[in-house]
Trainee: 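What follows is a structure written as C-alpha cells; I'll ask about it next.
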There are 2 protein chains.
Amino acid sequence: MKRPTIKDVAKLAKVSVATVSRALNDPETVKEETRKIVLEAVDELGYDPDPVAQALRSNKVKSIAIIVPNITNAIMAEMTRGAHEELADNGYNTVLFNSDDDFQQEVHYCQILQNTMVDGAIFVTGSGETPPVENISNDLAVCLINREIEDDKVDQVLADEKEGLQLLCYHLHKLGHDKIAFITGLATTTATQRKIAGYKEFIEEAGLKFKENYIISGHWTMNGAYMAMKELLGTEDKPTAVIVGTDTMALGALSAVRDNGLSVPEDIAVTGFDNAPGGEYYHPPLTTLKYPNYEMGQLAARAILNRLKNPQIAKKSIKLPLDITVRKSCGFRLDFAGKNNR
Amino acid sequence: MKRPTIKDVAKLAKVSVATVSRALNDPETVKEETRKIVLEAVDELGYDPDPVAQALRSNKVKSIAIIVPNITNAIMAEMTRGAHEELADNGYNTVLFNSDDDFQQEVHYCQILQNTMVDGAIFVTGSGETPPVENISNDLAVCLINREIEDDKVDQVLADEKEGLQLLCYHLHKLGHDKIAFITGLATTTATQRKIAGYKEFIEEAGLKFKENYIISGHWTMNGAYMAMKELLGTEDKPTAVIVGTDTMALGALSAVRDNGLSVPEDIAVTGFDNAPGGEYYHPPLTTLKYPNYEMGQLAARAILNRLKNPQIAKKSIKLPLDITVRKSCGFRLDFAGKNNR
DNA sequence: GTGAAAGCGCTAACAT
DNA sequence: ATGTTAGCGCTTTCAC
C-alpha cells in the first residue's frame, strides 16, 4: 500500500537497484531488453524516485525561495508569477516567503534560508534596508530584484527608475506643465532615492524652479497618497501635475482630487508609475510607466538557474528600461507616445 | 569550509553522533554536563541539522503546496498570505504553484505533487472543474478553498456565496430597486452556480419579475464586466442596480457606465462582491461584501496541519459567512449597514 | 547515560 | 552490461 521504492522495482524486474537507477537516468548504458523490463516494472508499480532521497544524494533540492515584502501587492505578485513560471519550466519549485514589509522578518528569513530546503533565493524589493544577503550568497544562489547593493557582490535585476521618472517629467513638461510634484512613499530605499534624483535632475535641466514641498513622502498606500495629494492641493503655489510613486497609490490620489471638487486632467494632471493592473479603468485612465514586472521575475529566476550551473562566473546586474503608457490622466496629447521609442 | 554535519559536532564534543542527536532532540535523556559540551560544539561550528536528511528519516518535509489559479489576483494573494503565515508559524514552508487558470495545468500539478517535496496541498478556487484531488488525498493532506466536491471526501473551506449574493440583493431591494441584474464570469464553477441560485431565489421570494437577460456571463476580467455592462445598458428595460461578480470586474463595469454618460449611483447602483483592496477609492467607492480571504487561507492551512497530526479524523467542511460593506456606489442609505448583524 | 550500528531511498564508484 | 556496495546526514533501536 505504501509508495514503491527502487528496491521494489529491482525485485520485480529481477535486476539490481543500480540497473534500475541507470535505466532511468542513463538509458544508453543498459541493454535495450533489460531497460524494457525495468521500465515495465516501473510502470506496473507506478514508481517515481523519491525526491528527498535524490536531494540527499545530490545535495540539490531543486527549489528556489522567493522573498517578497507583500504577495498581496500586484507588482510583487506579477514578479512572483514570472519567477514561478521560469522555475517550473526548469523543474524547480518555488518556495514563497512573505515578509510583510518587515525588515526584521527579512533578516530572520536570511538566517533560516540556509537551513531550508532551497538551492537559491530571490529577494524582491523591500521598502527598508537590504537584508544581509551577502553572507548567505556563499551557500545559496542569490538574486536581488530592485534592491540596492554594490554591483558586483550579487546578481541583480533592476528597473531603471531614475530614467522612468524623467520620462514622466518630460512627458508632462511637453504637455505644458511647469509645476510638477512628486508623491512617494517613505524614501528609505535607494530605489526611491534614485527616483528623487531623477526628478531633481530633470527640474534642473529643464530650467524649472525646484520647490522642496513638491516632493511629498507619505506611506506606500492608497491612503498615504490620498493624504499627500490633499496636502499638495492645499499649498499656496499648487502644482499642475503630480507624479505618484505607484499606480495603486495613484488611485488614492485621484480620489483626493475628486474630494476636493477638482478634475483630472482638467485641473491637475496625474501619473502613476508601475502599470498596475486596472489602471486603464481608473477614472480617468491612468498614464503610467510600463514596469516589466513579469520579466524581472523571469530574469531573476534565470540568473539563479544560471548561477547554479556556473557558480564561478562574475555577478551580473541587469537594468531594464521603463516605457511610458499614455492614457487620459494627463490630458489628450496622445501623439506624444510615439516619440518615446528607444 | 563546507557545512558542518552531526559527525563534526560529535568529533569536537568527543561523543557519539547519537548523543549529539539526543542532546538536540531529547535533551532530558542526556546528562547535563554532556549536553553542555555538545551544545558548545554546536555553537562553535554553527551546526544546524540538514533538513533533507531529517526529511528522509522522518518522511516529513514540512512543506505545504498551495495551488492558485493566479497569484496576481488580489483575492488569491490574500488567501495565500493567510495560508503562508499560518504555515510559517508552525515551521512549515509554502510551495507556490500558479496554474494560470488552466485546468490541464491543475491536473498536471496533481500528478507531480506526489513526487514533490510537500506533505500536503491547498487548492484554491479555479474557474474550471475540480481537479482529481481525491486520488492524491491518500498520500497528501489536502484542503480545498472554494472548490466544489462532495462534503465528506476532503477537507474544505468555503465562503457562503449564496447567502452573500442574497445579502446584496436584499440591500438593493431595501433601497428601492426592483430591477436588479447580475454580471458574472463564465458559470462553470459551482460557486458561480450557487450565486445564481441565490439570485433566483431572492427574486422569487421578493416577488420580483425574473428576467433571463439580467444575468450576464462574460469573462472574469475587468473588460468582461465592461462589455457586460455595456450590453445591460443597451437593453430595453434596463436594470437600476447591478451586482458584479468581483470587485475587480466592478472597476470595468463602473468605467462602462461612465463611458455611456451615466452616473453611479444616480442612474444605476453597482456592487462588487469580494472586497478587493482599493474598492474604497473607486469612483464612487464600491459597496461590496467582506470576503474573508486571509482567514480562509489561514483556516485551510490549519486544516492541513491538523490532518497531518490526526490523519484519521473525519473530513470537515467549514463555511464562512459574508458581510456587507456599504459604500457609496448604491446610494446613501448608509443606515442599512447596521441592520445586517447576524 | 552513552555508543554502535542499522536504515531511510537513492546514485556512483568499483568490481565482475 | 550488470551487480555489489559505500555513503549522503540523520534518528532510533538495541546493547552495554
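Note on naming: letters A, B, ... go to the chains in the order of the sequence lines (proteins, then strands), and numbering restarts at 1 for each one.
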Trainee: Will you find, in the side chains of B/Tyr291 and B/Glu161, an N or O donor that is under 3.5 Å from an N or O acceptor?
Mentor: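 Present: a donor and an acceptor within the cut-off.
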Trainee: Any carboxylate oxygen within less than 4.0 angstrom of a Lys/Arg side-chain nitrogen, looking at A/Asp100 and B/Arg81?
Mentor: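 Between B/Arg81 and A/Asp100 there is a salt bridge, with a charged N closer than 4.0 Å to a carboxylate O.
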Trainee: For a quick check, tell me whether the side chain of A/Arg3 and the base of C/dG9 share a donor-acceptor pair closer than 3.5 Å.
Mentor: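 No, the side chain and the base share no sub-3.5 Å donor-acceptor pair.
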Trainee: Looking at every strand, decide which applies to B/Asn25 at a 4.0 Å heavy-atom threshold: base, sugar-phosphate, or nothing.
Mentor: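 B/Asn25: backbone/sugar contact only, no base atoms under 4.0 Å.
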Trainee: Expressed as a whole number of angstroms, how long is the span from B/Glu32:CD to C/dG1:P?
Mentor: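 Checked: the CD to P distance equals 12 Å.
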Trainee: Could you tell me the separation between the CD1 atom of B/Ile37 and the P atom of C/dG1, rounded to a whole number of Å?
Mentor: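 These atoms are roughly 15 Å apart.
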Trainee: Rounded to the nearest angstrom, tell me the gap between atom CD1 in A/Ile6 and atom C1' in C/dT11.
Mentor: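 Checked: the CD1 to C1' distance equals 8 Å.
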Trainee: Roughly how many Å is it from CG in B/Asn59 to C1' in C/dC10, rounded to a whole number?
Mentor: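 After rounding, the reported distance stands at 14 Å.
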Trainee: Going by an N to O cut-off under 4.0 Å, is there a salt bridge joining A/Lys36 and A/Glu33?
Mentor: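 Here A/Lys36 does not pair with A/Glu33 in a salt bridge, since their nearest N and O are not under 4.0 Å apart.
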Trainee: Just by distance, no angles: are the side chains of B/Glu85 and B/Tyr294 close enough, under 3.5 Å, to form a donor-acceptor pair?
Mentor: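 Result is yes, a qualifying pair exists.
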Trainee: C/dG9, C/dT2, D/dT11: which one has an atom nearest the side-chain heavy atoms of B/Arg22?
Mentor: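 Between C/dG9, C/dT2, D/dT11, the one nearest the side chain of B/Arg22 would be C/dT2.
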Trainee: Let me know the distance between CD of B/Glu33 and C1' of C/dG1, rounded to the nearest Å.
Mentor: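 It works out to 12 Å between those atoms.
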Trainee: Among D/dC8, C/dT2, D/dT2, find the nucleotide with the atom closest to the side chain of A/Val30.
Mentor: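 In terms of side-chain proximity for A/Val30, the closest of D/dC8, C/dT2, D/dT2 is D/dT2.
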Trainee: Tell me what A/Thr34 touches on the nucleic acid: a base, only sugar-phosphate, or nothing, going by heavy atoms under 4.0 Å.
Mentor: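 Touches sugar-phosphate only.
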Trainee: Any Lys/Arg nitrogen of A/Arg307 or A/Asp155 sitting under 4.0 Å from an Asp/Glu carboxylate oxygen of the other?
Mentor: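 Looking at A/Arg307 and A/Asp155, the cut-off is met.
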Trainee: I'd like to know whether CG of B/Asn90 has more than 12 heavy-atom contacts from other residues, nucleotides or ligands below 6.0 angstrom.
Mentor: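 It does: B/Asn90 CG has more than 12 such atoms within range.
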Trainee: If I take atom NZ in residue B/Lys60 and atom P in nucleotide D/dT11, what distance separates them, rounded to the nearest angstrom?
Mentor: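 Going from B/Lys60 (NZ) to D/dT11 (P), I get 14 Å.
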Trainee: Under 4.0 Å between a side-chain N or O of B/Gln54 and OP1 or OP2 of D/dG9?
Mentor: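 The answer is no; no side-chain N or O of B/Gln54 sits under 4.0 Å from OP1 or OP2.
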Trainee: Do NZ/NE/NH1/NH2 and the carboxylate oxygens of B/Glu295 and B/Arg302 come within less than 4.0 Å?
Mentor: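 Judged by the 4.0 Å cut-off on N to carboxylate O distance, B/Glu295 and B/Arg302 do not form a salt bridge.
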Trainee: Find the distance A/Arg57:CZ to C/dT11:C1' and express it as a whole number of Å.
Mentor: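 Spelled out: CZ on A/Arg57 to C1' on C/dT11 is 4 Å.
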Trainee: Compare the minimum distances between each of C/dC8, D/dG3, D/dT11 and the side chain of A/Lys7, then state the nucleotide with the smallest one.
Mentor: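 That would be C/dC8.
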Trainee: Tell me which residues in residues 10-18 of chain B lie within less than 4.0 Å of DNA chain C, going by non-hydrogen atoms.
Mentor: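 Residues of residues 10-18 of chain B under 4.0 Å from DNA chain C: B/Val15, B/Ser16, B/Ala18.
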Trainee: Taking any heavy-atom pair under 4.0 Å as a contact, classify B/Ser21: base, sugar-phosphate, or nothing.
Mentor: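 B/Ser21: base contact, heavy atoms under 4.0 Å.
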Trainee: Which nucleotide, D/dC8, C/dG3, C/dC10, lies nearest any side-chain atom of A/Leu56?
Mentor: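 Nearest listed nucleotide: D/dC8.
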Trainee: If I take atom CG in residue A/Asp50 and atom P in nucleotide C/dC10, what distance separates them, rounded to the nearest angstrom?
Mentor: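 Value for this atom pair: 6 Å.
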